[in-house]
Protein chains: 4
Amino acid sequence: MNGQRGPGRPRSEAARRAIIDAAIAELHERGYAALTMQGIAARAGVGKQTVYRWWPSKADVVLEAVAEWAEEQVAVPDEGSLEADLDAFLAATFRQRGQRPLLLGLMAEALLDPAFAVQLRDRFLLARRAAFRSIFERAAARGEVAPDADPELLMDLVYGTLWYRLMLDHAPVDDELGRRLSRLVAREAKATPSA
Amino acid sequence: MNGQRGPGRPRSEAARRAIIDAAIAELHERGYAALTMQGIAARAGVGKQTVYRWWPSKADVVLEAVAEWAEEQVAVPDEGSLEADLDAFLAATFRQRGQRPLLLGLMAEALLDPAFAVQLRDRFLLARRAAFRSIFERAAARGEVAPDADPELLMDLVYGTLWYRLMLDHAPVDDELGRRLSRLVAREAKATPSA
Amino acid sequence: MNGQRGPGRPRSEAARRAIIDAAIAELHERGYAALTMQGIAARAGVGKQTVYRWWPSKADVVLEAVAEWAEEQVAVPDEGSLEADLDAFLAATFRQRGQRPLLLGLMAEALLDPAFAVQLRDRFLLARRAAFRSIFERAAARGEVAPDADPELLMDLVYGTLWYRLMLDHAPVDDELGRRLSRLVAREAKATPSA
Amino acid sequence: MNGQRGPGRPRSEAARRAIIDAAIAELHERGYAALTMQGIAARAGVGKQTVYRWWPSKADVVLEAVAEWAEEQVAVPDEGSLEADLDAFLAATFRQRGQRPLLLGLMAEALLDPAFAVQLRDRFLLARRAAFRSIFERAAARGEVAPDADPELLMDLVYGTLWYRLMLDHAPVDDELGRRLSRLVAREAKATPSA
DNA sequence: GGGTAACCGAGACGGTACGTCCAGTCTTCGC
DNA sequence: GCGAAGACTGGACGTACCGTCTCGGTTACCC
């Protein structure tokens with residue numbers, strides 16, 4: 001086992017929480033761009049070293065906060081059809097308000113730092129896709145998915161459109177969008193591409 | 001017209017070019033994240049003030065460089081069908097190699113700075129959509145687009161998927177993707193959504 | 001002669017006055033340390049080049065303003081004795097209020113720039129000593145000055161004390177000081193130093 | 001006492017010394033007017049912030065250097081009479097060569113910045129006057145000072161003349177000047193001012 | 001009266017230093 | 001050894017002026 005501790009003072013859970021909370025608070029008050037390790041440490045009442053000891057950058061602190069939420073997984077009850085399942089799933093996803101600035105900040109960091117991009121993809125974005133994929137598997141069992149359909153591309157279509165609108169802010173991300181995407185994806189899943 | 005000059009020494013075109021070129025060079029050599037106004041000015045052999053006088057941030061310098069290329073517009077010859085047109089257009093778009101880091105850097109900046117996001121959207125991204133839209137109009141004239149189709153959503157699907165893959169780098173952005181998207185969009189444009 | 005003009009537009013007296021006046025105004029409003037060539041030109045509504053064409057530095061502009069006042073020479077009426085003459089002269093000198101910051105600024109410049117120190121000494125300070133010296137000559141004619149007295153040293157004593165108190169501001173520069181210095185100098189002028 | 005340290009890394013004495021030394025070196029090589037915080041930090045191999053953390057301006061750095069020397073107090077042995085004591089003291093004072101540019105630089109700064117003027121006066125100039133004052137007290141004990149003499153004015157005379165000549169550089173500051181001033185001050189200290 | 005020359009305003013130019021901020025690291029004390 | 005504190009080197013930030021330059025335009029003179 002690995003639970004045994006070595007010598008020395010154990011990591012302070014209080015400090016961990018204070019840091020995460022300080023990061024979230026700063027983020028809501030002043031935005032992601034204004035986040036600094038310095039500011040997080042000061043607000044948490046913690047030495048800078050304590051932050052650096054556990055997270056290499058501000059993005060990693062925020063990612064840990066986000067990952068906490070991501071674990072409270074979106075339930076995907078069976079609605080009877082692929083389109084209905086998707087519609088419910090997307091509606092639940094879009095309902096997460098107030099996270100837009102946070103998500104955009106993380107994505108910005110990922111675009112500037114390839115190492116963090118890997119973190120973000122593996123610890124957050126792919127987790128989301130997993131939920132999506134389970135819906136497809138259920139639909140396949142129901143015979144709603146053509147054998148040569150490509151669920152990966154369909155997921156890219158949905159998440160791509162979602163992120164694109166989040167980023168550009170030229171069109172809404174709302175239930176109407178959810179319904180259209182659901183219908184489109186359901187139709188394409190069944191389509192016989194070449195006939 | 002507006003070409004007339006006021007009093008005072010006119011702006012130096014040589015300095016403008018040197019700055020743009022220096023920015024591009026730094027970007028290729030050391031990446032977007034390592035770009036600094038200081039570095040651009042030094043490399044261009046120019047005072048920092050001269051950079052700040054005309055561009056408020058490094059992102060705006062890069063955007064001007066990108067905008068130059070964007071003006072060399074992508075020609076969209078008529079290939080006879082919506083699918084063929086789209087395929088040609090996307091192939092041409094994907095062919096622009098080496099610009100990935102640059103585009104991701106600009107997008108990162110836009111995600112962190114809403115004011116710049118507007119710039120990027122209006123001066124670059126919407127210009128790209130215009131080309132796309134003209135293809136749709138041609139297809140509509142050919143009767144390939146159902147009356148209740150939504151070209152805006154279809155464009156979001158394509159560009160969304162493109163950006164999503166560029167950013168996450170979990171799947172390729174290649175001709176194969178172009179063909180699939182072309183076929184999908186052509187099919188959806190014709191689809192009778194609800195019947 | 002040298003008064004004849006060559007070809008070309010003659011110097012604008014209006015610009016000259018505007019610059020001097022702007023310098024004085026800035027000086028009174030924001031202090032010598034905050035003076036800048038840029039600020040003077042802007043306030044005078046004049047191009048920077050016009051200032052630089054005629055004065056090499058802000059100190060020279062201010063010096064020209066000061067020299068104007070210095071030419072309105074202190075009259076030294078005959079009061080009947082060396083002590084009385086000195087007392088009247090010093091009282092008149094000390095009366096020039098509001099010029100302390102200006103004088104200190106010029107002196108500061110002189111201390112930092114040897115070339116300007118020469119200007120200040122020759123165009124301003126030595127002019128002041130000339131008035132002082134004429135008082136001594138009058139006293140010598142009256143037999144109030146011992147043959148081996150050194151008027152130069154006595155002038156240094158008076159002006160030195162004056163400047164020292166102006167600079168350090170640890171003791172007042174007032175009529176009381178004037179009277180003490182007058183008495184002391186008159187006594188020393190007569191003294192037989194070594195006997 | 002106050003020597004106890006709180007938490008945190010203690011101030012680096014090595015950095016302090018390097019900064020002071022760099023300032024002195026720059027001063028000798030390029031003069032006070034060319035001193036910059038930037039240059040001091042670079043030469044000391046130290047971050048600019050470390051300089052700013054402890055001194056608000058270049059003048060304060062130099063003042064600390066000067067204050068070090070000032071603490072190595074001028075001894076004032078008893079020479080038997082006021083005139084002899086003064087002569088010895090002034091000779092010792094004038095002997096401090098090479099400090100003229102430094103002193104003038106500090107004075108210039110004081111003239112431009114009233115806050116620094118207070119620093120310079122209290123931490124340096126008044127310390128010098130203290131030595132002078134002790135000579136007077138010794139003379140008073142010997143009966144060489146008239147009861148109504150004003151030592152403060154006499155000190156102003158001496159230091160005023162000294163600074164005046166240092167600044168204007170129109171006459172030497174040498175032993176001859178020292179002897180004349182000593183004789184004059186000794187005579188004036190005894191003088192019955194009004195009889 | 002048509003040059004020619006020196007002035008004028010405006011303002012951009014290459015630079016240098018400013019003083020601040022933050023990144024990461026290091027060094028101390030106390031738990 | 002962890003944690004708070006805080007000083008350390010390093011470097012970019014955006015600003016302010018410096019002193020120079022390059023414009024279009026304006027007076028003067030002098031042929």
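Every chain is numbered from 1 and lettered A, B, ... according to where its sequence line falls, protein lines coming before strand lines. None of these values were measured; they are calculated from a predicted model.
At whole-Å resolution of the value, CZ in Arg30(A) and P in dC21(E) are 11 Å apart. Protein atom CZ of Arg53(C) is 13 Å distant from nucleotide atom P of dC21(F), rounded to whole Å. Going from atom OH of Tyr52(D) over to atom C1' of dG19(E) covers 5 Å, rounded to whole Å. In this structure, Phe116(A) atom CZ and dA23(E) atom C1' are separated by 17 Å, rounded to whole Å. What separates CH2 of Trp55(C) from P of dG19(F) is a distance of 15 Å, to the nearest Å. A straight line from CD of Gln38(A) to C1' of dC22(E) spans 5 Å, rounded to a whole angstrom. When the P atom of dG14(F) is taken as reference, atom CG of Asp113(B) falls 11 Å away, rounded to whole Å. A straight line from CD1 of Ile40(D) to P of dG19(E) spans 11 Å, rounded to a whole angstrom.
Closest approach to the Trp54(B) side chain among dA12(E), dA7(F), dG3(F) is made by dA12(E) (side chain taken as heavy atoms from C-beta onward). Proximity note for Arg9(C) (side chain, C-beta onward) versus dC8(F), dA6(E), dC18(F): the nearest is dA6(E). Taking every side-chain heavy atom of Gln49(B) into account, dC17(F) is the closest of dT25(E), dC17(F), dA4(F). Candidate nucleotides dA5(F), dT20(F), dC18(F) were compared by shortest atom distance to the side chain of Pro7(D), and dA5(F) ranks first. In this structure, of dC13(E), dG19(F), dA5(F), it is dC13(E) that holds the atom nearest to the side chain of Ser12(B).
Comparing Val46(B) and Gly39(A) along DNA chain E, the residue whose closest nucleotide (by nearest heavy atom) sits nearer the 5' end is Val46(B). Along DNA chain F, the nucleotide nearest to Glu13(D) and the one nearest to Lys58(B) differ in position, and the one closer to the 5' end is contacted by Glu13(D). The nearest heavy atom of DNA chain F to Leu35(B) and to Pro10(C) marks one nucleotide each, and the one closer to the 5' end goes with Leu35(B).
Contact detail for Leu106(C) and Leu120(C): the closest heavy-atom pair is O-CD2, 3.9 Å.
With a 6.0 Å cutoff to the six-membered ring centre and a 45° limit on the axis angle, Arg123(B) does not count as a cation-pi contact of Trp55(B). A cation-pi arrangement is absent between Arg16(A) and Trp54(A) under the rule of less than 6.0 angstrom and at most 45 degrees off the ring axis.
For the pair Met167(D)/Met167(C), a side-chain contact is recorded, criterion being any heavy-atom separation below 4.5 Å from C-beta on. In this structure the side chain of Tyr32(C) never reaches within 4.5 angstrom of the side chain of Leu104(C), judged on heavy atoms.
The residue Gly45(A) sits close only to the backbone: its heavy atoms come under 4.0 Å of sugar-phosphate atoms, none of a base. When heavy atoms are screened at a 4.0 angstrom cut-off, Thr36(D) is found touching the sugar-phosphate backbone but no base atom.
Side-chain atoms of Lys48(B) stay outside donor-acceptor range of the base of dG15(E), with no qualifying N/O pair under 3.5 Å. At a cut-off of 3.5 angstrom, the base of dC7(E) holds no donor-acceptor pair with the side chain of Arg11(C).
An OP1 or OP2 oxygen of dG9(E) is reached within less than 4.0 angstrom by a side-chain nitrogen or oxygen of Thr50(C).
Between Glu26(A) and Lys58(A), none of the side-chain N atoms (NZ, or NE/NH1/NH2) sits under 4.0 Å from a carboxylate O, so this pair counts as no salt bridge.
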